[in-house]
Amino acid sequence: MKKIISIVGARPNFIKIAPVAKAFKKFRKDIKHKICHTGQHFDQRMSEVFFDQLKMPRPDFNLGIGGGSHAEQTARIMLELEKVLAEERPDLVIVPGDVNSTLAAALVASKMGIPIAHVEAGLRSFDKSMPEEINRIVTDVVSDYLFVSEHSGMRNLRDEGMGESKIHFVGNTMIDSLEANYELIEACTITKEMGLDPSGYIVGTFHRPSNVDEPEALKDLMASLSRLAKERKLIFPVHPRTRKNIERYGLDSQIPKGLIITEPLGYIEFLSLVRYAELVITDSGGIQEETTYMGVQCITVRKNTERPVTIDVGTNHLVGIQMEKVERTALDILGGTTKPGRIPELWDGKASKRIADIVMEGLGLS
Ligand code: UD1
Ligand code: UDP
């Protein structure tokens, strides 16, 4: 019997690993798949709700790390995870995405000589001021399996000289979750409950430090959202980082009527809102992909994206961080200037199955 441990910590990790855990169930006679939660995200609405809604097995281990500076958070995960891995001695560790939990797990496993599979390898923003870019580069360097979600990832890994035998174009496991839950998402009644006209409202989400950590940037963002909320109702589920800063800078007193602020939403509710929205404005990585899959117009408030397929093939508009430009593009889209999109190659709901098959072969089990 071989043992695999998937390490998750932050909201997008749960969504990327739920279908992978399901795919390994098929091989349960040969493989024991366990989940270790670092505790990087810990609120019920940032963590447990995803285990519930995605019907994901409860974590076998929870390191209870929480927040902190990059060094504190990464170091605490490393210290606690090393103990778990020393005890469990898995044959493979799986790490998804680009958060600090991903980096910490990859570093610990590599020093312990445990093979690593990186789900969502090869994405690059080419912007090292983003912590995620450092996390991606380091994780890819120490990984043995590089599971890639879009063609740019294949190019980047080859350009960086990664061994061809490690690189596998498998598709996107975040889209596996979306595809598996699509009926529930379409049937969800949240738009009705919130009194929204289908295709007549905007959804906004933001959590990048470049948009929400500096008072001026956050003030500009909130002012723009407030102006757009006069054109259409704008639903704004607020990430904990953003909420802390809105409170810290006293921006919570000037919120106009059309701007509907909520707690972070459950997966099904959130994606149902996105599915029927006229426009999504975000700086999230995953939401750029989900809007492309669903053909929903998306404005990305960032200078770059590590997911260029959402621009080249999908419905994403990368506009930078100047809010006048964001507002202008939003008004154009609301006025009917939309971008047609297609679903990128291999975003077909089967990426996790491909991953499980490749791992089985790699472990000599098929
Ligand atoms: C992290 C990831 C980012 C990812 C995002 C997904 C890193 C460096 N950043 O950013 O790449 O896009 O998750 O959402 O790993 N907090 C709570 N409750 C929670 C979660 C967080 O109060 O459930 C607080 C933390 O204590 C901290 C702040 O929110 O004060 C930020 O959390 P943290 O995990 O450090 O970074 P994120 O901004 O969430
Ligand atoms: N999401 C959610 N509820 C919300 C906001 C986002 O379920 O209120 C989901 C979203 O659909 C996507 C994931 O969270 O699947 C993206 O996570 P996040 O934006 O936090 O991280 P990123 O992708 O930017 O790393």
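Computation of the quantities below employed the complete heavy-atom set of this structure, encompassing side-chain atoms and omitting hydrogens, waters and symmetry-equivalent molecules. Position 1 is the first residue of the sequence, and the numbers go up from there. Whatever order the structure lists ligands and atoms in, that order sets their numbers, starting from 1.
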In the protein, which heavy atom is nearest to atom 18 (N) of ligand 1, and how far is it?
Asp43 OD2, 3.0 Å

Identity and distance of the protein heavy atom lying nearest atom 12 (O) of ligand 1
His207 NE2, 2.9 Å

Could you tell me the residue and atom name of the protein heavy atom closest to atom 11 (O) of ligand 1, and the distance to it rounded to 0.1 Å?
Glu132 OE2, 2.5 Å

Side-chain ion pair, Asp213 and Arg208, N-O less than 4.0 Å:
no

Aromatic ring centroids of His37 and Phe14 under 6.0 Å?
yes

Side chain of Lys303, backbone of Ile321: donor and acceptor closer than 3.5 Å?
no

Glu231 side chain vs Leu228 backbone, donor-acceptor pair below 3.5 Å:
no

Any N/O pair Arg11/ligand 2 closer than 3.5 Å
yes

Distance to 0.1 Å, residue and atom name: give those for the protein heavy atom nearest to atom 22 (O) of ligand 1.
Phe42 CZ, 3.5 Å

Less than 4.0 angstrom from a charged side-chain N to a carboxylate O is my criterion; do Lys339 and Asp332 meet it?
no

Is a salt bridge present between Asp98 and Arg136, judged by a nitrogen-to-oxygen distance below 4.0 Å?
yes

Distance to 0.1 Å, residue and atom name: give those for the protein heavy atom nearest to atom 36 (O) of ligand 1.
Arg241 NH2, 3.6 Å

Say whether His207, considering both its backbone and side-chain N or O atoms, lies within less than 3.5 Å of an N or O atom on ligand 2.
yes

Among protein heavy atoms, which lies nearest atom 3 (N) of ligand 2, and at what distance?
Leu265 O, 2.8 Å

For atom 10 (O) of ligand 1, the protein heavy atom that lies nearest, with its residue and separation:
His41 NE2, 4.4 Å

Tell me the protein heavy atom at minimum distance from atom 25 (O) of ligand 2, and give that distance in Å.
Pro12 CG, 3.5 Å

Per-atom contacts, ligand 2 versus Leu271 - under 4.0 Å to a heavy atom:
11 (O)

min-distance protein heavy atom vs atom 13 (C) of ligand 2 -> Ile15 CD1, 3.6 Å

Quick one: list whatever passes side-chain hydrogen bond (donor to acceptor under 3.5 Å, both in side chains) with Glu278, sequence neighbours left out.
Arg232

For atom 15 (O) of ligand 2, what is the nearest protein heavy atom, given as residue, atom name and distance?
Glu290 OE2, 2.5 Å

What protein heavy atom sits nearest atom 19 (O) of ligand 2, and how far away is it?
Ser284 OG, 2.7 Å

Atom 35 (O) of ligand 1 has as its nearest protein heavy atom Gln73 NE2, 3.4 Å

Salt bridge Arg307-Glu150, side-chain N to carboxylate O under 4.0 Å
no

Close approach, Pro12 and ligand 1, non-hydrogen under 4.0 angstrom:
yes

Salt-bridge contact Arg275-Glu290 (side-chain N to carboxylate O under 4.0 Å):
no

If you compare His70, Gln40, Met46, Arg243 by their heavy atoms, the one closest to atom 1 (C) of ligand 1 turns out to be Gln40

Do any heavy atoms of Arg208 fall under 4.0 Å from ligand 2?
yes

Within 4.0 Å of some non-hydrogen atom of Met174, the atoms of ligand 2 are 12 (C), 13 (C), 15 (O)

Considering only NZ, NE, NH1 and NH2 on the basic side and carboxylate oxygens on the acidic side, decide whether Lys32 and Asp60 come within less than 4.0 Å.
no

Structural part of Pro237 in contact with ligand 2, heavy atom criterion under 4.0 angstrom
side chain

among protein heavy atoms, the one nearest atom 1 (N) of ligand 2 is Phe270 CD2, 3.6 Å

Which heavy atom of the protein is the closest neighbour of atom 23 (O) of ligand 2, given with residue, atom name and distance?
Gly286 N, 2.7 Å

Ser149 side chain reached by Glu120 side chain, heavy atoms, under 4.5 Å
yes

Which protein heavy atom lies closest to atom 2 (C) of ligand 1, and at what distance to 0.1 Å?
Val99 CG1, 3.7 Å

Between Glu80 and Lys83, does any NZ, NE, NH1 or NH2 come within less than 4.0 Å of an OD or OE carboxylate oxygen?
yes

Shortest heavy-atom approach to atom 25 (C) of ligand 1 - which of Arg45, Arg208, Lys244
Lys244

Please report whether ligand 2 has a polar contact with Thr205, defined as an N or O pair separated by less than 3.5 Å (distance criterion only).
no

Heavy atoms from other residues, nucleotides or ligands near NZ of Lys219 exceed 12 (cutoff 6.0 Å):
no

Is any side-chain N of the basic residue among Glu306 and Arg302 closer than 4.0 Å to the acidic one's carboxylate O?
yes

Mark up the atoms of ligand 2 that fall under 4.0 Å of a heavy atom belonging to Gly285, in ascending order.
22 (P), 23 (O), 24 (O)

Have a look at ligand 2 and work out which part of Gln288, if any, has a heavy atom under 4.0 Å from it: side chain, backbone, both or neither.
neither

Among all the protein's non-hydrogen atoms, which is closest to atom 7 (O) of ligand 2, and how far away is it?
Phe50 CE2, 3.2 Å

Please identify which atoms of ligand 2 are closer than 4.0 Å to at least one heavy atom of Pro264.
8 (O)

Is Glu179 salt-bridged to Lys350, cutoff N-O under 4.0 Å?
no

For His239, the ligand 1 atoms with a heavy-atom partner under 4.0 Å come out as 14 (O), 37 (P), 38 (O), 39 (O)

Could you go through Phe147 and His118, starting from their C-alpha distance and side-chain angles, then the distance that decides it, and tell me whether this counts as ring pair (Phe, Tyr, Trp, His ring centres under 6.0 Å)?
CA-CA 6 Å; Phe147 291 125; His118 185 202; 9.5 Å; no

Shared hydrophobic cluster for Ile4 and Leu365 (ILVMFWY, side-chain gaps under 4.5 Å)
yes

